[in-house]
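This report refers to the structure that appears directly beneath it.
Note that this is a predicted model, so its numbers are computed, not measured.
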Amino acid sequence: MAEYSKDEIRRIENKWRTIWEDQQVYKVENTSSKPKYYVLDMFPYPSGAGLHVGHPLGYIASDIVARFKRLKGYNVLHPMGFDAFGLPAEQYALEHGIHPAKSTAGNIENFKRQLRNIGFCYDWSREVQTCDPKYYRWTQWIFLQIFDSWFNRSKGKAERIAELINIFESEGNKHHPIPNPKFRVQQFSSSDWRAFSEKEKQEVLMEYRLAYLAFTDVNWCEALGTVLANDEVINGVSYRGGFPVVKKQMRQWSLRITEYAERLLKGLDEIDFSDSMKEIQRNWIGKSVGCTLNFKLVSGQILTVFTTRPDTIFGVDFMVLAPEHDLVKEITTPAQRAEVENYLAYVAGRSEVDRMAEVKKITGAFTGAFAINPFNNREVPVWISEYVLVGYGTGAIMGVPCGDERDHKFAKHFSIPITNIIGSYYTGNEANPTFDAVLENSEFLNGKVMREAIDVVIKKADELGVGKRQVNYKMRDAGWSRQRYWGEPFPVVFKNDIPYPMEEKDLPLELPDTSDFKPSGSGEGPLANLKDWINVEPGQKRDSNTMPTHAGAAWYFLRFMDPHNHKAFADRNALDYWNQVDVYIGGSEHAVAHLLYSRLWVKILHDLGYLNFDEPFKKLINQGKITGDSRFVYRIRGTSKFVSAGLKDQYETDPLRVDVNIVNGLELDTEAFRKWKPDFAEAEFILEDGKYICGSAIEKMSKSYFNVVNPDQIINDYGADTLRMYEMFLGPLEASKPWSTQGIDGVYKFLRRFWNLFHNQTGSFRVSDTEPTREELKVLHKTLKKVEHDMDTFSFNTSVSEFMICANELTALKCNTRKVLEPLVIALSPFAPHITEELWSLLGHKGSIVSASYPQYDDQYLVESAHNYPISINGKVRAQMQFALDMPKEDIEKMVMASEIVQKWTEGKPPKKVIVVPGKIVNVVT
RNA sequence: GCCCGGGUGGUGGAAUUGGUAGACACGCAGGACUUAAAAUCCUGUGGCCAGUAAUGGCUGUGCGGGUUCAACUCCCGCCCCGGGUACCA
C-alpha cells in the first residue's frame with residue numbers, strides 16, 4: 001500500500017492533526033480518579049519573526065513527557081498560551097502604526113499554526129493570552145490582593161492590611177516597625193495612629209504594603225521613554241535596543257520582594273532546580289550575614305557601618321561613605337568643603353555607563369572628619385568614594401586595607417597607612433581576604449583564628465551597645481511600573497494623591513483603545529495622553545503607567561488550571577487538584593525575573609490563603625539554546641568577486657553573512673547565491689577544488705544573521721516526527737548546541753525502517769500473530785526499560801538511539817510479530833505521535849493511541865545466561881561468581897586471580913556476587 | 001575578579017555514576033543493486049605498529065601529578081571554552 005515517503009508522511013500527519021482537533025483528543029478535565037501530572041512550557045512571547053528551530057526544543061521535550069505520563073495512567077495538564085503584552089509589539093506599533101492588539105493577534109495565529117504542525121498534545125481549550133481582558137482582570141485582581149497585604153515579620157508571612165490597621169489601633173507600631181528607616185514617622189502609638197488624618201494613615205500603610213507606591217531610583221531609558229527593571233538593563237544599556245539608561249527618581253509601583261528574600265532563598269532547598277539556576281537566584285538575592293557597628297565621630301554624630309568581617313575591626317584604617325550619604329554635608333570640615341563638593345559634582349556627572357566602564361578607577365575625597373573605633377578608641381579619617389553604594393547596607397563601610405582588595409587599593413592610592421592584623425598572610429602588595437589567619441595587633445582577639453573571631457566581636461559589640469547581628473540582601477524591591485501602553489493598567493484610582501483599589505466588580509480596568517502610543521516623555525505613560533480615561537471625575541485620576549510583562553507571566557500557570565472561570569482567578573478545587581507544576585521546561589534566561597516573581601506571587605497567594613502550596617514549580621528543566629551556525633562569503637574589496645574561504649587571505653576581503661539555506665554544509669550553492677539578492681546577480685567566484693567554501697561561526701539564531709532555520713521547512717522536507725526526534729537526538733536537552741541538519745537523515749531513516757517493520761517489500765501492511773522468540777522479546781524489553789529509565793532523567797537523546805538500535809535489531813531478526821511491534825508503537829508514540837497513530841490504527845485499534853497504556857518491561861527477558869561459580873573464603877562458600885557463557889578457558893586463571901583480590905578486600909564482608917568478564921572484575925555486589 | 005557548568009574520534013554525542021571507552025547517528029571508504037546516477041542495502045571506520053589473514057601488541061577521554069586491583073568518572077595543581085555576576089563591604 002504505502003511507502004514511508006514524503007507524500008505519505010504529509011498525508012498521515014495532516015490526517016491525525018485533524019482527528020486530534022476534531023475529536024478533542026487532548027482535552028483534559030479537572031476531575032479524575034487518576035493521579036494528576038502538570039507539565040508546563042514557558043509560554044512564548046509571540047514575536048513577529050515566528051518560530052525557529054530553537055523554540056520547539058523544550059516544547060518537544062515537555063510534549064514527550066506529557067504523552068508518556070498520559071500513557072502511564074496520569075491525568076496530564078499540558079497547556080499552552082501566550083505572554084502577549086510587551087514592548088516589542090508596542091515598538092512595532094510606533095514604527096508601523098499597527099495597533100499592538102492587531103499585530104499580536106496575527107503573531108499568535110502564526111505561532112499556533114507552527115505549533116500545530118509539530119504535533120503537540122496541548123489542550124488548546126485552556127489557552128490563555130495575557131492581553132485578554134478576561135485574563136488580566138485577574139492579574140489586576142491579584143495585584144490588588146498584594147496591595148492589600150503587608151509582610152508580618154514576626155510571623156514571616158503576608159497578612160491583610162486590615163489586620164495591620166487593627167494592630168495599629170490597639171498598640172501602634174511598636175512591634176512592627178516601619179520597613180523604611182527614612183520615613184518621616186518611625187514610631188507611633190495607638191493614639192498617634194487614631195490622630196492621623198486619612199492621608200497620613202494611607203501614607204503610613206503604604207510603607208508596609210507589599211505592592212506600594214514610592215519615589216525610587218529607577219532605571220530611566222530616555223530613548224524608550226520608560227523605566228526598566230534591573231534585569232532589563234545590561235551593562236548600563238537597555239536589553240532591547242541597547243539605549244543608554246540613567247538613574248532617575250520617580251514615583252513608581254514596587255513589589256516588596258525583599259521581605260520574601262529569606263523565604264525565596266529557603267524555598268530553593270525544597271525544589272528541584274539545577275545547581276546553576278539555584279546559584280543564579282542565590283546570587284541575585286545576595287544574602288550576607290554580618291553585623292552593624294557604630295563609630296562615633298569626633299564631631300559627635302554616630303556613623304553606622306555594615307560589615308561581614310567584624311573580626312577585622314582592629315585593621316580599620318579609615319571609613320568610607322557613599323557620596324550620597326546623609327552625613328556627608330554635615331561632617332565635612334570647612335577646610336575640606338571645596339574638595340568634597342568638587343568630588344560630589346564629579347560623581348553627579350557620571351552616568352551608569354561611565355561607572356560600569358571604569359569600575360577599577362579609584363576616586364574619593366577626604367571629609368576632614370574622624371571616626372573613633374569603638375573597640376580601641378583609635379581615630380581614623382572619614383572619606384567619601386563612589387565605590388561605596390548608598391543602596392546597600394548602611395551606605396558606609398569601615399576600610400580594612402590588609403583584608404579587602406578595594407580598601408587596599410584605596411589606601412595605597414591615597415597613601416593611608418595600613419595596619420597589618422594578619423601577619424605573614426599580608427604581603428604588603430595586595431590584600432588577603434582570608435578567614436584562616438591568626439589575628440595580630442588585635443588586642444583581645446590576638447591569637448584567635450579569624451573565622452572564630454567573627455562571633456566573638458558581634459557578641460562583644462552587642463554587650464557594649466555598639467552594634468548588632470545583621471543580615472543584608474543585595475536584592476532590591478521590584479519596580480512594577482512601566483511607562484508603556486501595551487500592558488495591564490493599574491486598577492486603582494487616585495484621590496488626593498493616594499491610590500485606592502478599584503472594586504472587584506469594576507474589574508477589569510480595560511486598556512483604552514487608542515492609536516497614540518507615544519510616551520508622554522515626562523515620565524508619565526502614554527495613557528496620560530488620554531485625558532478622558534485618566535480623569536475619572538474631578539479629583540479622581542487613574543495611573544498612567546502599566547504593569548511589566550512579568551505581571552501576566554507571574555501566575556499564568558494557575559489560570560491554566562481553570563481558564564474560563566468568571567468568579568475567581570481559578571476555582572479552589574482546581575488549584576488544589578493540579579497543585580504545583582510537576583515539570584516546568586524553559587530557557588535559563590528567565591532565571592531571575594520571571595522565576596522569582598512567580599515564586600513571589602505564589603508565596604503571597606499562599607499566605608493569603610488562596611493556595612495550599614508556596615512554590616509554583618516542583619522541578620525546572622532548562623533546555624539549552626539552539627544556536628545558529630552562520631555562513632560567510634568573502635568579497636574582494638571593491639569588486640563583486642567572492643573568494644573561497646581557504647584562499648581569502650591572499651586578498652583584501654570583507655566577510656558577508658550569507659543565508660544558511662543556500663549553503664550545503666560549507667559549500668555555497670553559487671547559483672542560488674546569485675539569485676539571493678539582486679546585488680549578487682553578477683557575482684564571480686574564485687573556487688578551491690571546484691567548490692566555493694564558506695566560513696562559519698556559531699552565534700545566536702537571528703533573522704539578521706541569515707542563520708535562522710524555520711521548522712516549517714524541516715517539516716515540509718522530513719515531517720514533524722523526524723523534526724521532533726531529531727531535535728531530541730541532537731544532544732542532551734540541557735546542553736546548548738548549534739543547529740545543524742547533519743544527521744537528520746539518520747532519524748528519518750530510522751522512522752522509515754520502523755515503518756517497514758510493519759510492511760512487506762511491496763508496501764502492504766503485514767504483521768503476524770506468531771509468538772515472539774526470546775531474542776525478539778529481549779530486544780523489546782531492553783528498549784522499554786531503557787526508554788522508561790530515560791524518562792526520569794530527561795535523557796531523550798539516548799532514548800532515540802535506543803529506538804534506532806531496536807529497529808536495527810528487529811530488522812535483522814526479520815521480526816514482524818504483533819506481540820513485539822505493538823508495545824513498541826506505544827513506546828515510540830510520545831516521540832513520534834503521527835506515525836505511531838497511523839500504525840496503531842493499521843494494527844486494528846479504534847481511536848487514538850493516547851488511550852493506550854504504556855507497556856511494562858519485564859526483567860526476566862533481560863537476564864544474561866551465565867555460569868555461576870561459588871567462591872570459598874576461609875573454607876566456606878561465601879559468594880557467587882558470575883561468568884559469561886562464552887568466556888574462554890584460559891581466563892580461568894584470571895578468575896582465580898580475581899577471586900583472590902576479592903578475598904583481599906572483603907575482609908569480614910564477603911561479597912554476594914562477583915561478575916567477571918574475561919580479564920576483568922565487572923561488579924562486586926556485597 | 002568571583003560563582004556555576006563543561007573539555008571524549010573527522011562531526012553530534014554514548015558510557016548502567018569507579019568496572020571491556022567511543023553506543024547510536026552523521027561523514028568517509030569499499031562492496032551489492034543499476035546502462036548510469038539518485039535512493040536503498042551490506043561491510044569497514046580513534047591513532048600507531050606487526051601479520052597474506054583471522055588476529056595480536058602498544059597507545060588513547062584538555063595538560064601535569066595522585067588515590068585504586070581498576071579512573072572519562074574521585075583528589076590536588078594548571079590550561080582552554082560556555083553561562084551568570086559585577087565596586088554588595
Side-chain angles (χ1 to χ4, degrees), chain A residues 3 5 234-236 274-284 286-288 290 305-310 312 319-320 322 355-356 358-363 385-389 391-400 403-407 409-410 433 472-476 588-589 591-592 622 624-625 627 665 698 725-726 729-732 734-750 752-753 756 785-786 789 793 795 797-808 811-812 884 897-898 900-902 904-905 914-924:
Chain A
E3 229 178 296
S5 64
I234 297 156
N235 294 328
S274 70
D275 289 344
S276 70
M277 184 60 48
K278 287 185 179 183
E279 207 49 40
I280 292 170
Q281 293 211 351
R282 284 197 189 101
N283 286 342
W284 185 262
K287 178 180 183 174
S288 49
V305 299
F306 171 72
T307 180
T308 55
R309 297 300 303 269
T312 63
M319 312 294 287
V320 189
R355 281 182 75 153
M356 295 272 188
E358 301 176 315
V359 162
K360 295 282 172 302
K361 195 169 165 186
I362 298 157
T363 63
S385 173
E386 60 180 336
Y387 85 88
V388 176
L389 310 171
Y392 184 75
T394 61
I397 62 154
M398 57 185 213
V400 183
D404 182 281
E405 195 49 45
R406 296 153 307 176
D407 295 349
K409 286 194 174 126
F410 193 81
N472 269 343
Y473 300 93
K474 250 195 285 192
M475 185 166 64
R476 298 278 84 102
S588 55
E589 65 271 23
V592 282
N622 291 117
K625 285 192 222 358
T627 46
I698 304 296
M725 290 197 85
Y726 182 61
F729 181 69
L730 223 43
E734 309 204 47
S736 281
K737 50 235 158 192
W739 176 259
S740 151
T741 49
Q742 298 269 306
I744 197 167
D745 282 335
V747 172
Y748 177 70
K749 278 189 232 172
F750 154 74
R752 186 172 52 203
R753 191 178 288 213
N756 287 342
K785 184 175 184 175
K786 172 75 174 151
H789 185 262
T793 54
S795 313
N797 52 331
T798 53
S799 297
V800 176
S801 293
E802 194 60 33
F803 278 119
M804 288 177 175
I805 297 168
C806 175
N808 288 345
T811 304
M897 176 210 73
E900 279 170 356
I901 292 165
V902 171
K904 205 171 80 189
W905 8 283
V914 181
I915 300 165
V916 177
V917 297
K920 299 267 180 175
I921 299 167
V922 169
N923 199 12
V924 177

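- Among the nucleotides B:A89, B:C26, B:G13, the one closest to any side-chain atom of A:Gln742 is B:C26.
- Using Watson-Crick or G-U wobble geometry with both donor-acceptor distances under 3.5 Å, B:A32 finds its partner in B:U40.
- Per the geometry, CG belonging to A:Asn283 stands 14 Å off C1' belonging to B:G1, to the nearest Å.
- Of all non-hydrogen atoms in A:Phe306 and A:Tyr392, the two that sit nearest each other are CE2-OH, 4.0 Å.
- Between B:C41 and A:Arg753, a contact under 4.0 Å exists linking OP1 or OP2 to a side-chain N or O.
- The side chain of A:Tyr392 sits closest to B:A89 out of B:C24, B:C3, B:A89.
- To the nearest angstrom, P of B:U85 lies 12 Å from CD of A:Glu589.
- Within the structure, every side-chain polar atom (N or O) of A:Asn797 is placed at least 4.0 Å from both OP1 and OP2 of B:C24.
- Pairing of B:G46, defined by two Watson-Crick or G-U wobble distances under 3.5 Å, is identified with B:U59.
- Both A:Ile744 and A:Phe306 lie close to RNA chain B; mapped to their nearest nucleotides by heavy-atom distance, the more 5′-ward contact belongs to A:Ile744.
- Applying the 4.0 Å criterion to OP1 and OP2 of B:U40, one finds that A:Asn756 has every side-chain N and O outside that range.
- Among the protein residues, A:Lys749 comes within range of the sugar-phosphate backbone only, with heavy atoms under 4.0 Å from sugar or phosphate atoms but none that close to a base.
- As judged by a 4.0 angstrom heavy-atom cut-off over every strand, A:Asn472 is placed among residues making no nucleic acid contact.
- Closest heavy-atom contact between A:Arg309 and A:Met398: O-CE, 3.6 Å.
- Straight-line distance from the CE atom of A:Met725 to the C1' atom of B:G13: 16 Å, rounded to whole Å.
- Of the listed nucleotides (B:A23, B:G84, B:A89), B:A89 has the atom at the smallest distance from the side chain of A:Thr307.
- Taking the syn range as angles within 90° of 0, the glycosidic angle of B:G13 is outside it, so the base is anti.
- A:Phe729 comes within 4.0 angstrom of a base, heavy atoms only.
- With hydrogens and angles ignored, the 3.5 Å screen pairs a side-chain donor or acceptor of A:Ser385 with a backbone N or O of A:Thr363.
- Counting non-hydrogen atoms under 4.0 angstrom, A:Pro738 reaches nothing in the nucleic acid.
- Pairing for B:U73 is absent, with no Watson-Crick or G-U wobble pair whose two atom distances lie under 3.5 Å.
- Residue A:Arg282 places none of its side-chain N or O atoms closer than 4.0 Å to OP1 or OP2 of B:U85.
- Among the protein residues, A:Ser276 comes within range of the sugar-phosphate backbone only, with heavy atoms under 4.0 Å from sugar or phosphate atoms but none that close to a base.
- Taking only side-chain nitrogens and oxygens, A:Thr798 never comes nearer than 4.0 Å to OP1 or OP2 of B:C24.
- The distance from atom CD1 of A:Ile280 to atom C1' of B:G5 is 10 Å, rounded to the nearest whole Å.
- The CE atom of A:Met398 sits 12 Å away from the P atom of B:A89 (whole-angstrom rounding).
- Relative to the side chain of A:Glu386, the nucleotides B:C87, B:A14, B:A89 differ in distance, and B:C87 lies closest.
- B:C4 atom P lies 17 Å from atom CG of A:Asn622, rounded to whole Å.
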